[in-house]
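Note sheet for the following structure.
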Amino acid sequence: MELSEFVQEGLQYLADSGYFNDKAFAVMIEVAFRSLLLSSSDDTVLDNNELKHIEQTVVKHCHSAVTTCILECVKQNADRSTICTCLEDIRFDPERIDTFCSLYQKHKKDLENVLSSIGRGLPHINDASWRLEYQIKNSHLHKVNQPSYLITLSTENSGSRSAEEVNFSCNMEQLQDLVGKMKDAAKSLEKATQL
Amino acid sequence: MLLVLSDEHKEHLGFLPEVDSAVVGEFGRIAVEFLRKGSNPKIYEGAASKSSSASLICIKLFMYHIIFMPVQTCLALTGKLNVTAEIVQHGVEGLMYLLSESSKLMISEVDFQDSVLVLGFSEELNKLLLQLYLENRKEIRLILSELAPSMPHYHNLEWRLDAQLASRALRQQVKPVLNLKLQLDDNGTRRTHLLQTDPATLLHLIQELERALAEVKTNHCRRILRNIK
């Protein structure tokens with residue numbers, strides 16, 4: 001697992017008991033995990049009593065180093081031995097390594113979910129609304145007398161971007177065709193999960 | 001419901017009793033063809049210069065060889081019907097209007113016969129017109145329905161089941177993704193929408209749309225469909 005110089009420097013500060021005593025270290029690690037998992041950004045995340053006595057630039061440097069390290073571990077799906085080797089190289093104490101690893105194990109699943117939701121893709125369908133109407137007549141044709149559906153598929157793209165809608169109309173046969181095809185897809189999905 | 005014909009319209013159709021019923025039949029066919037494909041003024045000229053005996057053959061020739069046979073050649077083959085192209089045009093247009101209005105309103109046989117009675121045509125001509133109407137009204141209604149305002153219409157759905165294995169942000173994933181290609185027809189132009197969804201949403205969509213389909217079979221909808229005819 002490769003970490004940049006900036007990150008390694010930051011972690012070296014963290015390993016040094018002169019800068020971070022045990023309590024400060026534990027707080028720092030907790031704060032790092034929390035800032036990754038909270039859905040809203042919190043400007044006061046580094047405003048902690050235990051960290052007040054340490055030089056603020058060092059605190060910031062360490063915070064960004066730890067968060068980068070955590071994300072890199074989750075991204076590569078690193079196992080415990082890889083992390084231990086990595087941290088030992090930066091001269092972490094065994095207890096500090098333990099603290100880090102236990103918190104990592106605890107939050108790994110949630111972090112994976114966050115990372116998997118980042119990325120580009122096709123517009124993602126969230127929901128479908130429908131409207132059933134009966135066409136009686138129009139300006140060109142009287143006595144139409146046909147039921148028809150108006151379907152709206154709401155989609156969103158990459159989470160943050162605006163939700164768009166795909167609107168279309170169809171008659172009964174076409175809707176049955178559409179639903180039939182979706183059911184085929186669902187059936188093949190079921191088969192795939194049983195493989 | 002009776003069809004009300006304007007005086008101008010009656011005048012245009014007044015040309016029809018003066019010709020053979022076979023010719024009227026052919027004019028009827030031309031009228032339907034024009035409704036299908038749009039009118040072509042050359043045919044009027046050709047038809048105006050036909051002799052009554054050779055008219056049938058020439059009209060057929062004209063319709064099928066219009067691109068290949070110039071007007072002059074056709075004129076040379078025939079005598080005169082003694083009418084101008086304009087009168088023929090009015091006659092055919094009158095027929096077109098009669099047929100399209102009747103199809104639009106979907107009037108019954110009896111109503112059609114009563115409406116045509118006003119023109120004072122012979123029994124044979126009336127029967128001919130009725131037959132023309134009944135044979136072609138379904139197709140004419142289909143053509144008219146294309147003029148009505150319409151929304152993008154469903155055409156086809158293709159799907160593909162994929163598993164996302166990795167992304168820039170996260171390696172070593174197994175995330176099932178369903179890619180969909182939805183083809184819609186909008187007044188002739190085809191638009192393709194590429195969309196995706198996940199298995200849970202797919203099941204939700206199926207459930208929702210099945211609910212929509214079931215709605216037509218409820219008593220409420222059945223009653224309305226039955227009673228508005």
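- Taking each heavy atom of A:Ser116 and B:Gln173 in turn, the nearest pair found is CB-OE1, 4.0 Å.
- Neither the backbone nor the side chain of A:Val114 comes within contact range of chain B; no heavy atoms are under 4.5 Å apart.
- Within a 6.0 Å sphere centred on CD of B:Glu109, heavy atoms belonging to other residues, nucleotides or ligands number 12 at most.
- Heavy-atom pairs under 4.5 Å with chain A were tallied for B:Arg168, B:Lys175, B:Glu210, B:Met106; the largest tally goes to B:Glu210.
- Within the 4.5 Å cutoff, the side chain of A:Met182 has no heavy atoms near those of the B:Leu178 side chain.
- Using a 4.5 Å cut-off between heavy atoms, A:Asp177 contacts chain B through both its backbone and its side chain.
- The two residues B:Trp159 and A:Lys181 make their nearest non-hydrogen contact at NE1-O, 3.4 Å.
- Within 6.0 Å of the CZ atom in B:Arg36, the count of heavy atoms belonging to other residues, nucleotides or ligands exceeds 12.
- Near-neighbour residues of residues 190-203 of chain B relative to chain A, defined by a heavy atom under 4.5 Å from a heavy atom of that chain, comprise B:His193, B:Leu194, B:Leu195, B:Gln196, B:Thr197, B:Asp198, B:Pro199, B:Thr201, B:Leu202, B:Leu203.
- Contact residues of residues 75-90 of chain A toward chain B are A:Lys75, A:Gln76, A:Asn77 (heavy-atom distance under 4.5 Å).
- The greatest number of non-hydrogen atom pairs below 4.5 Å with chain B, out of A:Ser188, A:Ser117, A:Ala185, is found for A:Ala185.
- From A:Leu71, atom CG reaches atom CG of B:Leu170 across 10.5 Å, with rounding to the nearest 0.5 Å.
- Residue A:Pro123 touches chain B through both its backbone and its side chain, counting heavy-atom pairs closer than 4.5 Å.
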task = Test B:Tyr154 against A:Ile151 for side chain to side chain contact (heavy atoms under 4.5 Å, CB included), laying out the working first.
result = CA-CA 9 Å; B:Tyr154 168 81; A:Ile151 311 276; over 6 Å; no
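- Counted within 6.0 Å of NE2 on A:His53, heavy atoms from surrounding residues, nucleotides or ligands total more than 12; the atom is thus considered enclosed.
- Taking the side chain as every heavy atom from C-beta outward, B:Leu209 and A:Tyr149 never approach each other to under 4.5 Å.
- Within the 4.5 Å cutoff, the side chain of A:Lys143 has heavy atoms near those of the B:Arg141 side chain.
- Of the inter-residue distances, the one linking A:Asp184 atom CG with B:Ile206 atom CD1 reads 9.0 Å to the nearest 0.5 angstrom.
- A:Ser169 pairs by the side chain to side chain contact (heavy atoms under 4.5 Å, CB included) definition with A:Leu150, B:Met151, B:His153, not counting sequence neighbours.
- Top candidate by heavy-atom pairs under 4.5 Å with chain A, chosen from B:Ile228, B:Leu144, B:Ile224, is B:Ile228.
- Taking a 6.0 Å sphere around CD of A:Glu165, one finds it holds more than 12 heavy atoms contributed by other residues, nucleotides or ligands.
- Of the inter-residue distances, the one linking A:Gln174 atom CD with B:Leu157 atom CG reads 12.5 Å to the nearest 0.5 angstrom.
- Heavy atoms closer than 4.5 Å to chain B are found in the side chain of A:Leu132, but not in its backbone.
- Residue-environment remark: CZ (B:Arg171) exceeds the threshold of 12 foreign heavy atoms within 6.0 Å.
- By a heavy-atom distance cut of under 4.5 Å, B:Asn179, B:Leu180, B:Leu182, B:Leu184 are the residues of residues 179-189 of chain B near chain A, going up by number.
- Within 6.0 Å of CD on A:Gln176 lie more than 12 heavy atoms contributed by other residues, nucleotides or ligands.
- Using a 4.5 Å cut-off on side-chain heavy atoms (C-beta onward), A:Ile118 and B:Ser167 make no contact.
- Rounding to the nearest 0.5 angstrom, the gap separating the NZ atom in A:Lys137 from the NZ atom in B:Lys104 is 9.0 Å.
- Note on A:Val166, A:Asn126, A:Thr193, A:Asn138: by heavy-atom pairs under 4.5 Å with chain B, the leading option is A:Val166.
- Contact detail for B:Glu208 and A:Trp130: the closest heavy-atom pair is OE2-NE1, 3.2 Å.
- Using a 4.5 Å cut-off between heavy atoms, A:Ile136 contacts chain B through its side chain alone, with no backbone atom that close.
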